[in-house]
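Every heavy atom of this structure was used, including side-chain atoms; hydrogens, water molecules and symmetry mates were not.
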2 protein chains.
Amino acid sequence: MASTPNKRTGRRIRSVEIAFTILDAIRANEATSVTELADELGHSKSTIHSHLRTLESQEIIVRQDDGYRLSLQLLDMANDVREQVANYEVIVDEVDKLASETGEIAHFGLEEHGKVAYLYKAMGTQAVETVSRPGGKQPMYSTSLGKAILAFLPADRRREILEHVSFAPKTPKTITDPERFADELDVITDQGYAIDDEENIEGLRCVAAPVKNENTVLGAVSVSGPVSRSTDEVLHGELAESVQRTANVIELNTKFS
Amino acid sequence: MASTPNKRTGRRIRSVEIAFTILDAIRANEATSVTELADELGHSKSTIHSHLRTLESQEIIVRQDDGYRLSLQLLDMANDVREQVANYEVIVDEVDKLASETGEIAHFGLEEHGKVAYLYKAMGTQAVETVSRPGGKQPMYSTSLGKAILAFLPADRRREILEHVSFAPKTPKTITDPERFADELDVITDQGYAIDDEENIEGLRCVAAPVKNENTVLGAVSVSGPVSRSTDEVLHGELAESVQRTANVIELNTKFS
DNA sequence: ATTTTGGTTCCCTTCTGGGGAACAGACTTA
DNA sequence: TAAGTCTGTTCCCCAGAAGGGAACCAAAAT
């Protein structure tokens, strides 16, 4: 368990960083040709050129018309990502069930680099539209998923994440005071689930429960609904119960790791 | 239309290549820790170390227990990949329809780096299991998708791909003679669809039709079924008709690019 | 025919980044 | 508890990698 030394130390490799900057620009469609990329990123055309050639030979990008786009190999890598997460199939099944039971949006998310990343999302029949998508990231302090994970993470890991976090308000209701946030986590640890009361997106309330594994946390499950339907009673009542039950099932089905 | 100069020329950036080698090893779970990677890839521990740090700071990989795994950011990139392909939603809808109409497996694939890459896959009710998955690659010469694409690609692009291909038999029925393959392409161009008669996987026959766009080909749609159900009559009859109809709908719905 | 635009190549120079070796923790074994 | 082993980390060195500038081309635009 060598999880402590996570500080941003050690040497970086410049050309690799440049390569990923280029990928990012292509991915966001900010620039797709040699000259555009050179202008956008402030590198010489020759530099961009050799990088593009390298990425192309690795089959990461592909020539299309007069520019480049990401190659489908990334879809393949995405498959591998899912396989590397313990028990992806079970998660899909259970989150689907949760969404159809509640009719709302259900998510599974896990902690990465101090943020919550969505692994899977299922829409219930009356689910509101959200912009979340698998792979997307949100702050931990303003989401039910993040808070549920934080509350049950081993103390040292939690401390480390909190040290690096800067509390920026996402809505007027976002908790930005570290003291108050610590209290909130205590409440969550006690009651076993976390609430997001329009702290991340206005008009949206969520409940989340952690999926634990031995002494750590694999991730969390949540349900999100519009304020109109999500009264305190519903949130703390049936929804809290549902997410906890789902989290439990996933826990039990997680054999190894 | 600067598609001709595609030869493997130009300078590569060594450290970027190393970075992707490392990613590949992590992705395949061949090695996940510094020492393992160093041994596996024949680099010094310090080299691997700084690469891992770089990839981690780019949030491409993530520490897990005593090793590394791919981060969920790759799922996010996969979303972007799909968005960069013209008309992904239409393709999904139509391929789904095709699969449920025929009951078999339906695919959409496109050409990348001289191979066919699957973009999307839908399973009909009686579909046989195949190992294909989105992002996966297959040779062009042994698949119906690949042949359909090749047959309708502009002559210069086709020539260029064929120059770099080496015909390796995937099954006893794979066409490996360039002459015969050229004839096959002519037939396909005439009849408007391509057949794979157990040329890629034994026991599996497929039909595919190209999705054209202006003077080039976006990709192709296919249906695959077991030999038992896929008689010549069925293949050349209703299935050929179905894939062509689907391809047509997708074509018509492709506004720009 | 001339200009412009974007991609490619070449060369030069710097400083990056790969490797070796030493170091430091964590865990094992005696 | 001490010696031994196995990681990951840091430090340093110097060969050569890689970024940049400029020239060079090809194609498109005027």
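Distance A:E36 CD to C:dG6 C1': 10 Å, rounded to the nearest Å. Atom C1' of nucleotide D:dC6 and atom CG of B:D66 are separated by 12 Å, given to the nearest angstrom. Put simply, CD1 on B:I48 is 13 Å from P on C:dG20, counting in whole angstrom units. Rounded to whole Å, the distance from NE2 on B:H51 to P on D:dA17 is 13 Å. The nearest whole Å value for the distance from the OH atom in A:Y68 to the P atom in C:dG7 is 8 Å. Rounded to an integer number of Å, the gap from A:L41 CG to D:dG19 C1' is 14 Å. In this structure, B:K45 places its NZ atom 12 Å from P of C:dA21, rounding to the nearest Å. One interatomic measurement links the two molecules: CD1 of A:I13 to P of D:dG19, which rounds to 12 Å at whole-angstrom precision.
Residues B:S71 and A:H113 bring no donor and acceptor atom of their side chains to less than 3.5 Å of each other. Judged purely by distance below 3.5 Å, without hydrogens or angles, the side chains of B:S57 and B:T54 never pair a donor atom with an acceptor atom. No side-chain donor from either of A:N213 and A:E251 sits under 3.5 Å from a side-chain acceptor of the other. Checking B:S44 against B:S46 by side-chain atom types alone, a donor-acceptor pair falls below 3.5 Å.
Listed nucleotides C:dT8, C:dG17, D:dC11 differ in distance to A:S15; the shortest reach to its side chain belongs to C:dG17. Closest contact between the side chain of A:T35 and the listed nucleotides D:dT10, C:dG6, D:dA18 involves C:dG6. You'll find that the side chain of B:R63 is closest to D:dT9, out of D:dT9, C:dT8, D:dG20. The side chain of A:T47 lies closest to D:dG20 when the candidates are D:dT9, D:dG20, D:dA17.
Donor-acceptor pairing under 3.5 Å, judged by distance alone, is present between the side chain of A:S46 and the base of D:dG21. Between the side chain of B:R11 and the base of D:dG19, a donor-acceptor pair under 3.5 Å is found. At a cut-off of 3.5 angstrom, the base of D:dA18 holds no donor-acceptor pair with the side chain of B:R14. Between the base of D:dG8 and the side chain of B:R53 there is no donor-acceptor pair shorter than 3.5 Å.
Between A:H43 and D:dA18 there is no side-chain N or O to OP1 or OP2 distance below 4.0 Å. Between A:H49 and the phosphate of C:dT8, there is a side-chain N or O to OP1/OP2 separation shorter than 4.0 Å.
No close placement of the A:Y118 and A:F108 rings is indicated, their centers lying 6.0 Å or farther apart.
Backbone-only contact: A:S33 has heavy atoms under 4.0 Å from sugar-phosphate atoms and none from a base.
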